[in-house]
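Here is the structure we will look at, set down as structure tokens.
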Amino acid sequence: MMRALILLPALLLGGCISLLPEPGPAPRVFALDAGAVERASGAPIDAVVTIARPGGVDAVLGSDLIWRTGDEVASIAQTQWSGDAAGALQDMLVETTLRQGRFAGAARSGDARGRYEVRWDVMSFQVDESSMQARFVANVRLNAPGRRIIAQEIISTEAPVSSRSSSVAAQALTRAAREGSARIGEFAAERAAEDLAASPPRTEETQEP
């Protein structure tokens, strides 16, 4: 009996028996970037615009891809963005606005001083199962120094989701965000051009330090 008890631990080790659960598969990771951007029509604007980090619900602006079924909001299993969506959307809008070519420059808020600033709240960035559409909705404000609101608009875009595949969902969300960024860039440029046209010429005394 004693000999059997001594042999039992050796048998357990030899059989590689594990008391811990096996690790699940690594999540699929998708990039959220600007992609190809067309230059916008319209006269160049002699001003720099800065882009604030978007506000919104943490679940929508985190690293998870979101799928909405009725009133239920859930993460798409084993699927993530390569970083948090808030930072990626900010970078996407900076690059999109810069490549559109209307403004003299575009940068993140805090990285440069601009005559204008885009502040925005992402109201929706998710797949809607009822319509099988990836939806991007943002409340966008173009501000002047002192946070004076020059213009405000809700911009909404959609892209079809052909299946419940995580890669299809990620691609559709990216398309919706890219179209949304293009529209935000166009909105900011048009409203800034209108503001400059209505403003008196800036002199050395009126220019910002």
Side-chain angles (χ1 to χ4, degrees), residues 32-62 81 83-126 133-159 173-209:
L32 184 59
D33 55 31
V37 178
E38 294 184 2
R39 291 188 68 84
S41 60
I45 300 166
D46 186 18
V48 172
V49 63
T50 58
I51 311 297
R53 184 180 176 90
V57 179
D58 290 344
V60 172
L61 294 177
W81 297 118
D84 67 285
L89 290 171
Q90 182 185 24
D91 289 343
M92 178 186 291
L93 184 51
V94 170
E95 183 176 350
T96 298
T97 304
L98 186 61
R99 289 182 178 276
Q100 285 178 333
R102 294 291 306 278
F103 286 97
R108 294 185 188 183
S109 295
D111 289 351
R113 179 178 296 169
R115 179 160 185 174
Y116 299 102
E117 182 182 36
V118 172
R119 288 181 171 264
W120 49 320
D121 297 303
V122 176
M123 304 165 66
S124 178
F125 185 46
Q126 59 202 11
Q133 296 281 333
R135 182 167 294 141
F136 171 87
V137 182
N139 179 10
V140 184
R141 301 173 298 282
L142 181 67
N143 289 7
R147 297 188 178 181
R148 174 175 63 90
I149 296 179
I150 294 173
Q152 184 169 8
E153 186 171 323
I154 293 179
I155 291 176
S156 177
T157 60
E158 292 183 342
L173 285 166
T174 300
R175 289 197 304 272
R178 287 173 176 172
E179 177 63 23
S181 290
R183 294 189 187 181
I184 292 171
E186 292 167 0
F187 157 79
E190 290 302 319
R191 298 300 178 267
E194 293 171 1
D195 180 68
L196 285 174
S199 301
R202 304 177 77 192
T203 65
E204 292 297 328
E205 289 75 16
T206 60
Q207 287 182 1
E208 296 172 40

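Just so it is clear, the values below take in all heavy atoms, side chains as well, and ignore hydrogens, waters and symmetry mates. Because the structure is predicted, anything quoted here is derived from the model rather than measured.
Legend: residues meeting side chain to side chain contact (heavy atoms under 4.5 Å, CB included) with Gln90, ordered by chain and number and at least two apart, are Ile51, Arg53, Pro54, Arg108. In terms of the side chain to side chain donor-acceptor pair (under 3.5 Å) criterion, residue partners of Arg183 (sequence neighbours excluded) are, by chain and number, Glu179. Evaluation of the side chain to side chain contact (heavy atoms under 4.5 Å, CB included) rule for Arg39 yields no partner, not counting sequence neighbours.
Counting heavy atoms from C-beta outward, Arg141 and Asp121 have side chains that approach closer than 4.5 Å. Looking at heavy atoms from C-beta onward, Ile45 lies in side-chain contact with Leu196 at the 4.5 angstrom threshold. In this structure, the side chains of Arg102 and Glu186 stay at 4.5 Å or more apart for every pair of heavy atoms. The side-chain heavy atoms of Glu95 and Leu93, taken from C-beta on, include no pair separated by under 4.5 Å. Counting only heavy atoms from C-beta outward, the side chains of Leu61 and Val122 approach each other to under 4.5 Å. At least one side-chain heavy atom of Ile184 sits under 4.5 Å from a side-chain heavy atom of Val118.
Between Arg115 atom CZ and Asp195 atom CG the span is 6.5 Å, to the nearest 0.5 Å. The distance from the CZ atom of Phe187 to the OG1 atom of Thr97 is 11.5 Å, given to the nearest 0.5 Å. In this structure, CD in Gln100 is found 9.5 Å from CD in Glu38, a value given to the nearest 0.5 Å. Rounded to the nearest 0.5 angstrom, Gln133 CD and Leu173 CG are separated by 11.0 Å. Going from atom CD1 of Ile154 over to atom CD of Gln152 covers 7.5 Å, rounded to the nearest 0.5 Å. Put simply, CG on Leu89 and CZ on Arg178 are 11.5 Å apart, with the number rounded to the nearest 0.5 Å.
No donor-acceptor distance shorter than 3.5 angstrom exists from the side chain of Thr50 to the backbone of Ser109, with no hydrogens or angles considered. Between the side chain of Trp81 and the backbone N or O of Leu32 there is no donor-acceptor pair closer than 3.5 Å.
Atom CG of Asp58 sits in a sparse spot, with 12 or fewer heavy atoms from other residues, nucleotides or ligands closer than 6.0 Å. For CZ of Arg99, the number of neighbouring non-hydrogen atoms (other residues, nucleotides, ligands) closer than 6.0 Å is 12 at most.
The aromatic rings of Phe125 and Phe136 sit perpendicular to each other, their planes meeting at more than 60°, with 30° as the lower class boundary.
Contact detail for Gly105 and Leu98: the closest heavy-atom pair is CA-CD1, 4.3 Å. For the pair Val137 and Arg135, the tightest heavy-atom approach, listed with the atom from each and the gap, is CG2-CG, 3.7 Å. For Ile150 against Ala144, the heavy-atom pair with the smallest separation is CD1-CB, 3.6 Å. Closest of all the heavy-atom pairs between Ala52 and Glu117 is CB-OE2, 3.9 Å. Between Tyr116 and Ala192 the shortest heavy-atom distance is OH-O, 3.6 Å.
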